[in-house]
Structure formats: C-alpha cells, structure tokens
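The next block holds one structure in the form of structure tokens; read it before the comments.
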Amino acid sequence: MATRKARQGEMLESVYSVLAMVFVLFACVELCDAATVLDVYRLIQYDLAGSPFGSRFASLNHHASSSAFAPGVDLSRSVVISPVRELNLTVLREFIEMRRPLGGLLFLLPKHFDRSGRQDAEEGDEVEEGKLRNTLAELEDLLIHASLPYPVYFAFENDKVAEILADVRRNDASSQPATATTGGFKLLVSTSEPKKLASTPITNIQGWLPGLKADDDVNQLPTIAIVASYDTFGAAPALAVGSDSNGSGVAALLELARLFSRLYSNSKTRGRFNLLFGLTSGGPYNYDGTSKWLRSLDQRLRESIDYAVCLNSIGSWNNELWIHVSKPPENAYVKQVFEGFSDTAKDLGVKVGLKHKKINISNPRVAWEHEQFSRLRVTAVTVSELSVAPELLQNSGGLHDSREFLSESSVIKSVKLVAETLARHIYGQQGKNIEIFADGSSLAVNPSYISAWLDFLSQTPRVAPFFVKNDPLIASLKKELAEHNVEVNVHQDVLDGTFTFYDSTKAQLNIYQVASVAFDLLLLLVVGSYLILLFSFLFITTRGLDDLIGLFRRPPSRKVKTA
C-alpha cells in the first residue's frame with residue numbers, strides 16, 4: 001500500500017513538473033511576441049467655433065496593413081502604415097472626403113526629421129527634399145482641416161519598423177491581409193481618450209531699453225517696437241518646432257536686443273528713442289496674444305510708438321524680403337519706413353519689396369502681426385520672406401518647418417538689415433551709406449549666438465495650449481531678454497475661446513507579431529497529444545496497463561451489481 005502511494009506521488013510530481021514547463025514555455029512565447037515599441041505623436045484634436053477638427057480618438061488596437069487606401073478593401077479594423085515619402089495625397093484626400101471607415105493611420109516620417117538626431121541627418125538630394133517638404137505641408141493642411149473619427153499618429157522611420165513594414169507588405173501582396181484569423185502584426189496604443197483643456201493660457205514677454213533724455217526735455221521720447229511671435233501650430237503638436245516660423249523671428253529679435261543693449265549701455269551712444277521688445281504668444285490664432293498685450297500697455301506708451309517692426313519667417317530667403325503694411329504705400333509714415341529699409345537693403349546688396357493689404361476691422365481674421373497694431377492706429381510693418389499672407393493655421397511651424405530647411409545666413413542678413421535700418425533712423429542717418437554694425441567690430445552680428453538659439457528653438461515644440469506651468473521655454477526667453485534689457489515684464493492672459501484644444505499629444509505604440517488561428521489550433525493539438533502520451537506513459541509505469549484500460553471501461557450497471 002505504501003509503495004503504491006509512493007508511486008502515485010511520483011506520478012503527480014512528474015505531471016506537475018511537465019505542466020509547469022508547458023506554462024513557462026507559453027509565457028516565453030508571449031514575451032517574444034512584442035516586435036518593437038515606438039514613440040508616436042498624435043494628430044492634433046481641436047474645435048474651431050464648435051466644429052470638430054483633427055483626430056477624434058487616441059487608443060488603438062488593430063492589425064497592420066499597407067494597403068494604400070485601395071477601393072473595395074475593408075480597412076475598418078486595420079491600421080494603415082504609410083511612409084510619407086511614398087504617400088499619394090490625391091488618393092488620401094479622396095479617402096478622407098468619402099469618409100470611409102478606418103481603424104487608424106500611422107504616418108512614417110524620415111528619420112532625419114527627428115529633432116533629437118539632427119547630427120545624423122542624411123545628405124539627401126535637394127530636389128527630393130524639396131518635394132518631401134511640399135508633401136508634408138500639403139498633408140498637414142489636409143489633416144488639420146478634416147475631422148477624422150479614428151486615431152492618427154506620426155512616427156519616425158527606423159530599421160526595425162522598415163522590417164515590419166516589409167513583412168506587412170508581403171502578407172498583403174499574398175492576398176492574406178492581417179486579421180485575427182491569418183495573424184500578422186497588431187498595433188496597440190493603450191491610452192485614455194482625450195480630454196478637453198479647460199483654457200489656453202498665453203504669455204507675452206516685454207523688454208524695455210530707455211532712450212537718452214535731456215534734463216530739460218519734458219516731452220516723452222518716441223518708441224520703436226520690435227516684435228516676434230514665438231509659438232507654433234502643427235499637425236503633431238509634440239513635433240511643431242517651427243524653425244523658420246517663427247524660430248527665425250525670435251532668434252533675430254534676441255540678437256537685435258543684444259546689439260542695441262551694447263549701444264545703449266553707453267550714454268554717449270544711447271539714442272533718443274526708447275526700444276520696446278515684445279515676444280508674443282497666440283500668433284497662429286489671429287495674433288490674439290499681440291492684441292491683448294497691446295491693449296494692456298499704458299496708453300501713453302502705446303501712443304509714443306513711432307512705428308513697430310514685426311519679424312515673421314525670415315530664415316529661408318535668398319535675395320528678397322517683403323515689407324507688409326496695412327496703410328497705403330503713399331502714406332507719409334509708411335513711405336518713410338519703407339525708404340529706410342530700401343536704402344539699407346541697397347547698401348547691403350539685397351532687395352526689399354512692399355506689399356499692401358488693407359485690413360477689414362469687422363473681420364476677426366488677422367493675417368499679419370502688424371495688423372493688430374494697425375487696428376489701434378499704430379504704424380507697423382511685418383518683415384517676412386513670404387510674399388502672400390498665409391491662411392489661418394497655415395505656415396505656423398508644422399512638420400515641414402524643420403532645422404535642415406533653415407538658412408542661418410538668411411537670418412543673419414535679416415538681422416543686419418533691420419539693425420542698420422533702425423540705427424539710421426534712431427541716429428538721424430537716413431539715406432547715408434554708413435555701417436554701424438560692421439563685421440569684425442565690437443557691434444558685429446554674432447552668428448554663433450543666432451545659431452545657438454536656432455538650435456534650441458528647433459528642438460522645442462511651442463504650441464501654446466500645451467505649455468506647462470512655469471514652462472522652461474518661457475523662463476529661458478525671459479531670462480535672455482533680461483540680459484539685454486533694463487526692464488522685463490511678463491503679461492499673461494487667456495486665448496480667445498474660439499479655439500478649444502484636447503490633450504494626449506504623445507504616446508507609445510507597441511507592435512506585436514501575432515500568430516494565426518490555424519497555428520494556434522495546431523499548437524494546441526500537438527501539446528494536447530504530447531500531454532496525453534506523457535500521462536499514459538507515467539500511468540502505465542506506476543500503476544500498470546490494466547489500470548489505464550480500466551479508466552476507459554464502462555462501469556457495471558446497478559442491476560448487475562445487485563445480482
């Protein structure tokens with residue numbers, strides 16, 4: 001009896017060991033299913049005057065597909081992976097306009113667009129890179145003006161993703177698209193659904209350099225304002241660095257503040273003009289921050305502004321800049337300002353052109369920053385490489401506006417042009433071919449300073465609704481202005497309620513390689529057969545063949561037992 005119990009114990013221990021090994025084996029298989037993990041950036045979600053735009057969902061759990069929105073293909077449970085280099089915008093536009101069901105979209109951006117890997121940027125053909133930039137601009141414009149009832153994400157290409165995409169394409173080409181039945185790759189983003197942001201704070205930073213005033217002068221000195229909007233807008237808020245729009249304008253303003261602080265630090269070279277530097281927020285949203293900042297200024301200060309120069313997108317021009325104005329070109333003040341720029345440009349060997357666009361006070365749409373000054377009857381101009389005013393939310397620092405497309409020499413030329421023009425006006429040297437900020441002098445433009453700020457801004461997304469409290473960017477800008485100004489103030493307000501934004505701009509995408517149902521059934525059959533054979537072997541060796549057969553015999557009926 002004791003021997004029999006010992007054998008049963010040994011058999012049970014053997015069975016338990018085998019089952020434990022099986023469970024460990026399955027656990028290992030599950031762990032190996034994860035193909036890769038990617039940082040992904042969600043398409044912006046916002047409401048404009050109550051109308052929904054952008055991607056309306058965030059969570060994702062569908063199989064991967066490479067089908068290029070082919071007609072007749074059911075993609076309601078698929079995530080289409082589409083490299084931007086190969087994107088057919090016409091087909092995508094038709095797909096979106098037809099409102100066909102889709103599980104999700106994943107756009108793959110070239111790896112050298114990743115701001116964290118700028119040193120590894122590839123030397124590509126300029127023509128091809130130009131086409132790619134245009135494709136990105138058109139793609140952004142399409143996506144931000146559409147309401148998409150599925151999650152849309154952006155990610156950067158890498159070798160692992162390229163391998164996965166190649167496998168997905170092979171499966172699609174063999175007429176076996178990934179499903180729960182056939183297997184393939186599954187894309188998973190586990191995140192809560194986006195929540196509406198309560199409000200959008202905007203922060204304006206103001207610097208002040210006072211001019212030299214005579215002791216017996218009771219009149220207030222005139223003021224020249226130099227202004228640039230620093231925030232951006234793009235299809236993927238977490239990637240909207242806006243190197244040109246308007247990182248170039250911000251870097252130029254900071255260099256102008258540095259140059260004039262050196263002039264104004266000496267009473268012998270301090271001009272009889274106050275200088276007002278403004279870094280404004282809300283630029284993509286009708287320059288709402290500029291409007292609120294101007295209305296917050298003391299009325300006497302606002303009325304003392306001789307004219308304002310707004311800097312916008314000045315980092316990608318070759319030989320011509322545009323001076324945009326709201327007042328007619330024959331206006332005396334406008335004529336004087338433009339002639340100042342024109343004379344300086346001629347001496348520097350560049351061109352400037354004049355563009356007049358009349359504003360409609362009853363229309364809330366503001367195309368240029370200087371228009372907010374004009375609405376308050378303050379003479380102002382915008383200096384820009386753009387000859388035509390962009391549409392709302394267009395050219396505001398999106399995916400196509402990266403560091404590699406920016407020309408430092410263009411920013412340097414812009415700074416030189418504005419600095420010399422303002423200096424000639426301040427010191428009464430209009431029309432004279434003099435160079436105050438001459439190369440090689442102590443007042444020369446500093447290319448290293450400009451480059452450092454362009455690098456910093458090109459790695460810093462600046463979409464206002466997603467700034468955190470005490471944001472490091474705003475602290476850095478304030479600190480830098482304080483280095484070159486006598487007084488710096490911060491003005492905070494809230495963005496106009498026309499726009500409503502939602503959170504969840506960045507997530508992690510898990511890509512799993514999943515087996516087909518047929519494979520699962522085959523594996524179950526093999527494991528089951530193995531366990532049955534193993535059980536039979538252990539049972540026979542411990543209890544004998546007769547006992548094993550006895551397990552399958554039909555027990556005698558109750559009548560037979562009674563007899």
Can a side-chain donor-acceptor contact be found between [Y] and [X] if the only test is distance below 3.5 angstrom?
{"X": "Asn312", "Y": "Thr382", "value": "no"}
{"X": "Thr290", "Y": "Glu369", "value": "yes"}
{"X": "Lys355", "Y": "Ser387", "value": "no"}
{"X": "Ser326", "Y": "His370", "value": "yes"}
{"X": "Tyr333", "Y": "Asp306", "value": "no"}

**Message:** When you measure from the side chain of Glu408 to the backbone of Pro447, do you find a donor-acceptor pair of N or O atoms at a distance under 3.5 Å?
**Reply:** no
**Message:** Between Gln394 and Ala137 (side chain of the first, backbone of the second, donor and acceptor by atom type, cut-off under 3.5 Å), is there such a pair?
**Reply:** no
Option from [options] for which side chain to side chain contact (heavy atoms under 4.5 Å, CB included) with [X] holds:
{"X": "Leu457", "options": "Leu254, Val241, Val250", "value": "Val250"}
{"X": "Val325", "options": "Val337, Asn331, Val334, Thr379", "value": "Val334"}
{"X": "Leu311", "options": "Val411, Val415, Val227, Val418", "value": "Val418"}

**Item:** Audit row: Phe107, Tyr41, ring-ring contact (aromatic ring centres under 6.0 Å, His included) steps and yes/no
**Value:** CA-CA 10 Å; Phe107 293 106; Tyr41 309 90; over 10 Å; no
**Prompt:** Are Asp347 and Arg424 close enough, and set up right, to give a salt bridge (Lys or Arg N to Asp or Glu O under 4.0 Å), and what steps lead you there?
**Reply:** CA-CA 12 Å; Asp347 295 335; Arg424 292 182 187 186; 3.0 Å; yes
**Prompt:** How about Val352 and Val383: do any of their side-chain heavy atoms sit closer than 4.5 Å?
**Reply:** no
**Prompt:** Do Tyr285 and Pro465 have side chains that get closer than 4.5 Å, going by heavy atoms?
**Reply:** yes
**Prompt:** Within 45 degrees of the axis of the six-membered ring of Trp317 and under 6.0 Å from its centre: does Lys413 put its NZ or CZ there?
**Reply:** yes
**Geometric class of the Phe260/Phe437 ring pair [parallel <30°, tilted 30-60°, perpendicular >60°]** = perpendicular
